[in-house]
Number of protein chains: 4
Amino acid sequence: MQIEIPTSPWKPAAERQRDRDAKRDAVLRTAARLFVENGFHRTKMADVAEHLHITKPALYHYFRNKEDILYACYMLGSEMIESLLAEVELNNSTGLDRAVAFLKAYTLNMTTDFGMCLVTVDDRDLATDSRRKVRTWKRSIDSRLRSCIAEGISDGSVRPVDPRIAAFLLAGSVNWVGQWFRESGPSSAEDIADAMADMARQALTARG
Amino acid sequence: MQIEIPTSPWKPAAERQRDRDAKRDAVLRTAARLFVENGFHRTKMADVAEHLHITKPALYHYFRNKEDILYACYMLGSEMIESLLAEVELNNSTGLDRAVAFLKAYTLNMTTDFGMCLVTVDDRDLATDSRRKVRTWKRSIDSRLRSCIAEGISDGSVRPVDPRIAAFLLAGSVNWVGQWFRESGPSSAEDIADAMADMARQALTARG
Amino acid sequence: MQIEIPTSPWKPAAERQRDRDAKRDAVLRTAARLFVENGFHRTKMADVAEHLHITKPALYHYFRNKEDILYACYMLGSEMIESLLAEVELNNSTGLDRAVAFLKAYTLNMTTDFGMCLVTVDDRDLATDSRRKVRTWKRSIDSRLRSCIAEGISDGSVRPVDPRIAAFLLAGSVNWVGQWFRESGPSSAEDIADAMADMARQALTARG
Amino acid sequence: MQIEIPTSPWKPAAERQRDRDAKRDAVLRTAARLFVENGFHRTKMADVAEHLHITKPALYHYFRNKEDILYACYMLGSEMIESLLAEVELNNSTGLDRAVAFLKAYTLNMTTDFGMCLVTVDDRDLATDSRRKVRTWKRSIDSRLRSCIAEGISDGSVRPVDPRIAAFLLAGSVNWVGQWFRESGPSSAEDIADAMADMARQALTARG
DNA sequence: CATGAATGAGCCTTCATTCAT
DNA sequence: GATGAATGAAGGCTCATTCAT
C-alpha cells in the first residue's frame, strides 16, 4: 500500500522567499515603467499600487519609501550595465573596439525600463546618501568610456579627439535613446544599437 | 501762453511696458536657471520669487501660473533655435553641411539656460494644449535634421544611413550637452560645438 | 493487560494554560516597560512583538488590542496597590500613621513598571468603558488617602489642613516618582519611600 | 480750511507685526489648552485649526510643524517660571524661605496652560535638539530647588534631608497639580499655592 | 501693483488590526 | 497557535494659487 503524502499547507521557506522576491520584483518593474512613462513626481504610490492590484501600504512591505524604489531601479539598471561592461572590456583588443562594443551594449540596455530609469528620472530625487552612490557610479561609467577612447588614441585605433568631450557626446546619443525609443516603434533595439555602433566607429576611427 | 506740462507721476505707457517686459524677462531668466539647476518640480514659486527679491503673488502679475512660465521658457528656447536654423538652412549647400551646421548651432544653444530648458525639463509638466504645441515644434526640429540627412544621402554628401535613427542619435548628443555642460567647466561652449560638428561630420561623411 | 499511554504531543490542558498565562504575563511585562520607557503612543505593537521575539499577530492571541494591554497594565498596577492598602488600613491606628504608611507603600509601588504605568501613561488612551473603571479606581485611591487625613484630623494626629488639597499634593509627590526614579540611580526604592514617609509625617503631624 | 487726512488703507508695519504676533499667540494658547486637555498625540493639527476657525495650512504660517508648537509652549512656560524664580531668589534670605517661595511661585504657574504644558506633555515628542534644550532647562530648575534646600540645611533653616530626594518629592507635588487642578474646581490657584507653601514649610523646617 | 495671509487639494507615510496559509 | 502579507483609516505636511488690504 502506498502512503499518500498530503500536499503540505506550508509553503517551504525557499518558495516563500521566492514569492517575496517575485513580488518585490513586480513592484520594481511596475514602478520603473511608470517612472519612465510618467516621470517620478507624477507617479504616485497609489498609481504603482493600483497597477499591481494591491493597496498603497502593501508597497511598504517591500520598500521603505518611494525614493527607495527609485534607488532600487537605479541599482538594477546599473548592475545590468556593469555586467555587460565587464564582458566588453575583456573581449576587445583595441580601444576603438572596446569603445564601440561598450556603446552598443549600453544602447541595448537603454531600451529597457531599468536602463531608461538611469537617465530618465532625476537623481536629485534621491537623498544625499544614495545620490552620492549613484553619481559615483555614473562618473565611473563615464570615465571608463573615456579610458577606452584615450587608450584607442594611444594604440592608434582612434583618431585624436578630446576624450572627455567625445565620451560625453557619444554617451549622450545613447542616453537619449531612452527618450524616443518605443517598443512599438519602427526600429528594433538591435537596429538602434547597430546604428549606434556604426556611428561611433565612423566618428572615432583613425584614418590613414 | 504756454501750457506747462507737469512731470506726471505716471511713467509713459511705452516706458511702463518696457519695465514690465524687463521684469517679465527677469522672471523668465531666473526661472529657467532654477528649472535647469534644480528641476521643475523641486523649484517652488517661492524660490523663484525669493531669487528675484519679490513676493510670490507678484509672479502672477507676469504669468498665469507655474506652467505658463515653463511654457514661456520653452518658447524662448525654441525661438532662439528657430532663428539659427533659418540661417543654417539658407547658407549651406550640401545636406551634410546643413546637418553639421545645424548641429553646431543647436549645440551652442544647448549651453544656454533656455536651450537647456528645452530638454532638461519635462514637457509632460505642460497642460495638453501647450504640450501639443511644444511637441509639434520638437518634431519639426527633428524632421528638419532628418531632412538634411536624407538630402545629404541624395546629393551624395552623406553616406547611407537610416536618417531617422541617425537624426535621433546625433540630436541625442546635442540634447545631452545640457546635462553635463557647466559654464565653469574645462571646455567652452565653442569647443563643444566644434567637437560636435567634427564628430557629426565624421559620422556622416560619405567616403569614396 | 496494561494500556500503554503514549506521550501525547499535546500538553495537558493545565500545563497549556500555565504556558499561556506565562506568555501573557511576558507580554504585559514587556509592554509595561516599553510604555513607561517610551510612552504609549511611541510604543508600537511591532516593538512589543520584537522585544518578545514573536510576531505582531501573536500578540493578538493574548490581548484583543493595544488598549487592552494598557488596561491590563493598569489593572495589575492597581491590584498590587490594593493589596498593600488593605494591609495598611488594618495595621495602623491613627489617621496619620495610616496616611504615612499608605504613602510609603504607594511609593514603593511607584518604582515598579506596573506602578509607573498607572501614572505615566495616559488613561485617555483607554476607551470610554475601561477609562471609567480606571478613573473610578483612581478616585477611590484618592478618597482613601483623603479619608486617612480627615480621620487624622479628627483623632488629633494630623494638623488641620484641607484634606482634599493635602491628599492631592502628597499623592503628587508619589506619582511623580515614576518620572525620575531609575533603578540605576543613586537612591534605592527603599530610600525614597522612607524619605517620602518622613516628609509626609513632617508635613501632616499636629504639633502641640 | 482743514485738510482732511484720509485713513490709510495700509496698516502700519508695527500694527501688522502686532497682528501677526497676536495670531501666533492665539495659536499657541489654543494649542497649549488642547495639548493639556487631550494630550499631544490626540490633538490633531486640524483640531487646533478648527478651534481657531482657520484651516490647517494656515498654522504653518506661524510654526514650522506640530513639534515646533509644542516647543514654543515649553519655552513660554519656562520663561514664565524663570522670571518668577529670579525674583524669588533675590527676595528671600534663608534657604527655607527661598525654597518655599520657589515652590509657591512654581505652583501658581502650574495652574496655567503653559505651566501645565511643561509637565503634561511629553518631551520625548520633541526632536533631539529641542529635547536637549528642554531637558537642560528642567534639570536647571531642579538643581536650583535642590540648592535652596542644601543652603537651607547649611544656614540651619532646613532640617537635614537628602536635598536630591526632597527636591524631587516637593517638585512632584507641584508638577502633579497640573493633573488635577481645574479652573472650575473648589480650590483657587492661590489656595493651592498657599497649601503647597505651607506643606513644604512644614516638611522642611528645622525644629529645635 | 505689491504684500502678508490664507486655502484647497493632494500625497507620502504610519500603524493597529486582520486574513490566508 | 503562529506567520508573512495585506489593509483601512488617518494624519502631517507641502505648495500652487488666490484674497483682502
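Heavy-atom basis, side chains included; hydrogens, waters and symmetry copies ignored. Every chain is numbered from 1, with letters handed out A, B, ... down the list of sequences.
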Can you tell me which nucleotide in [options] comes closest to the side chain of [X]?
X: C/K44; options: E/dG10, E/dA6, E/dC15; answer: E/dC15
X: C/K66; options: F/dT7, E/dT17, E/dG8; answer: E/dT17
X: C/P57; options: E/dT7, F/dT3, E/dC15; answer: F/dT3

Quick check: on DNA chain E, is the nucleotide nearest D/A58 upstream (toward 5') of the one nearest C/N65, or the reverse? Name the residue that is more 5'.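 Looking at the nearest nucleotide for each, D/A58 comes out on the 5' side.
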Between C/M45 and A/E67, which residue's closest nucleotide on DNA chain E lies nearer the 5′ terminus?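 Its nucleotide being nearer the 5' end, the pick is A/E67.
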Protein-nucleotide distance ([X], atom [atom1]; [N], atom [atom2]), rounded to Å:
X: D/L70; N: F/dG12; atom1: CG; atom2: C1'; result: 15 Å
X: A/H41; N: E/dC12; atom1: NE2; atom2: C1'; result: 12 Å
X: B/R42; N: F/dA16; atom1: CZ; atom2: P; result: 13 Å
X: B/F40; N: F/dA16; atom1: CZ; atom2: C1'; result: 10 Å
X: C/E50; N: F/dG4; atom1: CD; atom2: C1'; result: 15 Å
X: D/K56; N: E/dG8; atom1: NZ; atom2: P; result: 12 Å
X: A/F63; N: E/dC12; atom1: CZ; atom2: P; result: 15 Å
X: A/H53; N: F/dA5; atom1: NE2; atom2: C1'; result: 18 Å

Heavy-atom pair with the smallest gap, counting every atom of D/H61 and D/R20: O-NH2, 2.7 Å
If the cut-off is 4.0 Å, is D/R20 near the phosphate of E/dA5, judged by side-chain N/O to OP1 or OP2?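 Checking E/dA5 against D/R20, a side-chain N or O does come within under 4.0 Å of OP1 or OP2.
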Can you find a side chain N or O atom of D/Y62 that sits less than 4.0 Å from OP1 or OP2 on E/dA6? yes
Charged N-O contact under 4.0 Å between A/D25 and A/R29: yes
Does a salt bridge link D/R135 with D/D123, judged by any charged N lying under 4.0 Å from a carboxylate O?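 A salt bridge is present here (some side-chain N lies under 4.0 Å from a carboxylate O).
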Taking the six-membered ring of B/Y74, is NZ or CZ of B/K138 closer than 6.0 Å to its centre and within 45° of its axis?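 So B/K138 doesn't make the cation-pi contact.
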Is the NE2 atom of D/H51 crowded by more than 12 outside heavy atoms at less than 6.0 Å? no
Name the nucleic acid region contacted by D/K23, choosing base, sugar-phosphate or nothing; use a 4.0 angstrom heavy-atom cut-off, strictly under.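 Counting heavy atoms under 4.0 Å across all strands, the contact made by D/K23 is with sugar-phosphate only.
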Examine the base of E/dA6 for any acceptor or donor lying under 3.5 Å from a partner atom in the side chain of D/H61, and report the outcome as yes or no.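 A donor-acceptor contact between them is present.
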